[in-house]
Amino acid sequence: MLTLAIESSCDETSAAVVADGSRVLSNVVASQEALHAQYGGVVPELAARRHVEAIGPVLREALTQAAADWSDLDLVAVTRGPGLPGALLVGLCTAKAVALARGLPLVGVNHLAGHIFAHWLCGGPPEFPALALVVSGSHTDLALLASASELRLLGSTADDAAGEAFDKVGRLLGLPYPGGPTVERLAAAGDPHAIEFPRAFPEPGDYRFSFSGLKTAVAVHLERHPDARPADVAACFQRAAVEVLASKAAFAAAAFGARSLLVAGGVAANKALARALAERSPVPVRVPPLDLCTDNAAMIAAAGWAAFTAGRRDSLDLDADPSLPLAL
Ligand code: KG4
Ligand code: ZN
């Protein structure tokens with residue numbers, strides 16, 4: 001059974017063909033990173049326009065690489081939120097057009113659930129209960145999955161997302177967008193104990209996150225110490241961010257008797273985070289390979305397939321929801 005999935009929630013136009021919700025036949029991603037880098041962040045209107053240009057060729061390439069024809073498809077899955085409204089609509093309208101033209105069932109997918117289901121494509125379904133740490137450019141969520149269809153949100157960020165903090169600190173340090181990979185690279189040359197930055201909500205069992213104070217602390221430090229070594233600042237910021245994420249996730253894994261810890265979203269690509277989690281977690285930590293950490297349509301296919309096999313069908317009235325919270 002083949003799922004065609006489409007992802008266009010932010011600055012990646014992606015289409016994938018996945019067999020039985022687990023075997024990736026193609027996963028084509030057209031990144032707009034270079035387009036937005038000159039502005040230091042994603043420009044929503046430009047993102048939507050670029051999605052319109054890219055979606056057709058990306059779809060065709062996904063079918064070609066999978067050696068599949070329109071008539072081979074069994075399901076259309078598409079990201080319906082959260083994300084940029086104009087960007088989401090491009091993928092959603094395309095998915096509806098395919099579903100209508102081919103008479104295929106349509107399933108709308110929560111982008112954040114998609115990040116978690118990336119794990120189904122690398123190593124298969126996890127041992128339940130599973131703790132999921134979703135760390136992306138726009139979200140920071142800790143959730144407990146009792147099964148593939150039961151999710152309980154334990155905590156989220158009160159302000160900035162983890163990836164957003166990396167991006168903003170990258171900008172403060174004069175690094176190119178996105179800041180995540182560039183801050184990590186610079187941090188490798190720094191002393192992670194040179195500066196002590198603050199940690200928000202440090203009490204054990206408090207699963208709320210906050211990163212805007214940390215970002216401000218970095219800004220104030222750079223103002224007061226113009227001669228500070230940028231690599232030290234990057235290393236100390238990264239240590240503060242990563243330690244908060246790892247300690248809250250490890251505490252939750254123990255408190256809720258999780259049997260696996262799933263890291264998901266773009267920040268899951270961070271090696272320091274993986275190390276901190278491996279040190280602290282009482283259960284095995286799973287980190288997807290890089291191409292499944294960042295936005296891609298294969299993960300949307302995996303989540304869509306799981307929903308479809310559980311009986312979900314969406315109508316052609318399905319709407320985009322830019323502020324959808326994490327749910328299955
Ligand atoms: O999940 P994602 O690809 O897009 C969203 O759904 O937001 O995440 C993008 C975020 C960006 O903020 C980027 O800076 C961050 O993930 N990121 C990283 C790393 N690679 C990407 N953050 C820290 N370390 C990295 N190596
Ligand atoms: Zn994402």
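Counting convention: from 1, in listed order, for ligands and their atoms alike. Residue indices begin at 1 and follow the sequence shown. What you see is a predicted model; the values in this text were computed from it and never measured.
- Taking a 4.5 Å side-chain heavy-atom cut-off between Ile, Leu, Val, Met, Phe, Trp and Tyr, the cluster of Phe128 extends to Leu112, Ile116, Phe117, Trp120, Val134, Leu145, Leu151, Leu153, Leu262, Leu326, Leu328.
- The Zn ion (ligand 2) has His111 NE2, His115 NE2, Asp295 OD1 as protein N, O or S atoms under 2.8 Å away.
- At least one donor-acceptor pair under 3.5 Å links the side chain of Lys248 to the backbone N or O of Asp206.
- Although no hydrogens or angles enter the test, the distance criterion places a donor-acceptor pair under 3.5 Å between the side chain of Arg312 and the main chain of Gly108.
- In terms of protein heavy atoms, atom 24 (N) of ligand 1 is closest to Asn270 ND2, 3.0 Å.
- A heavy-atom distance below 4.5 Å is not found between the side chains of Leu46 and Asp11.
- A salt bridge links Glu196 with Arg239: the distance from a Lys NZ or Arg NE/NH1/NH2 to an Asp or Glu carboxylate oxygen falls below 4.0 Å.
- Among protein heavy atoms, atom 26 (N) of ligand 1 sits closest to Glu184 OE1, 2.7 Å.
- Side chain of Glu12 to backbone of Gln32: no donor-acceptor contact under 3.5 angstrom is found.
- Among Asp167, Thr294, Asp295, Val242, the residue whose heavy atom sits closest to atom 14 (O) of ligand 1 is Asp167.
- A heavy-atom separation below 4.0 Å is found between His111 and ligand 1.
- By the 4.0 Å heavy-atom criterion, Ser138 is counted among the residues contacting ligand 1.
- In summary, Glu45 and Arg49 engage in a salt bridge, as defined by a charged side-chain N under 4.0 Å from a carboxylate O.
- Salt-bridge check for Arg80 with Asp319: failed, with every basic side-chain N at 4.0 Å or more from each acidic carboxylate O.
- Judged by distance alone, with hydrogens and angles left aside, the side-chain atoms of Ser26 form no donor-acceptor pair with the main-chain N or O of Gln65 at under 3.5 Å.
- Counting only heavy atoms of the protein, atom 15 (C) of ligand 1 lies nearest to Val267 CG2, 3.9 Å.
- Taking every non-hydrogen atom of His115 and a distance limit under 4.0 Å, the qualifying atoms of ligand 1 come out as 1 (O), 6 (O).
- Looking at His139 against ligand 1, nothing comes within 4.0 Å, counting heavy atoms.
- Nearest protein neighbour of atom 22 (N) of ligand 1, counting heavy atoms only, is Gly180 CA, 3.3 Å.
- Between Gly137 and ligand 1, a contact under 3.5 Å exists for at least one N or O pair.
- Residues Phe211 and Glu164 fail the side-chain proximity criterion, which asks for heavy atoms closer than 4.5 Å.
- Any N or O atom pair closer than 3.5 Å counts here, and Gly266 shares at least one such pair with ligand 1.
- For Phe237 and Phe166, the ring centers sit closer than 6.0 Å to each other.
- Any N or O atom pair closer than 3.5 Å counts here, and Gly163 shares at least one such pair with ligand 1.
- With hydrogens and angles disregarded, a donor-acceptor distance shorter than 3.5 Å links the side chain of Arg199 to the backbone of Phe197.
- Within ligand 1, counting atoms from 1 as listed, the ones closer than 4.0 Å to a heavy atom of Pro178 are 14 (O).
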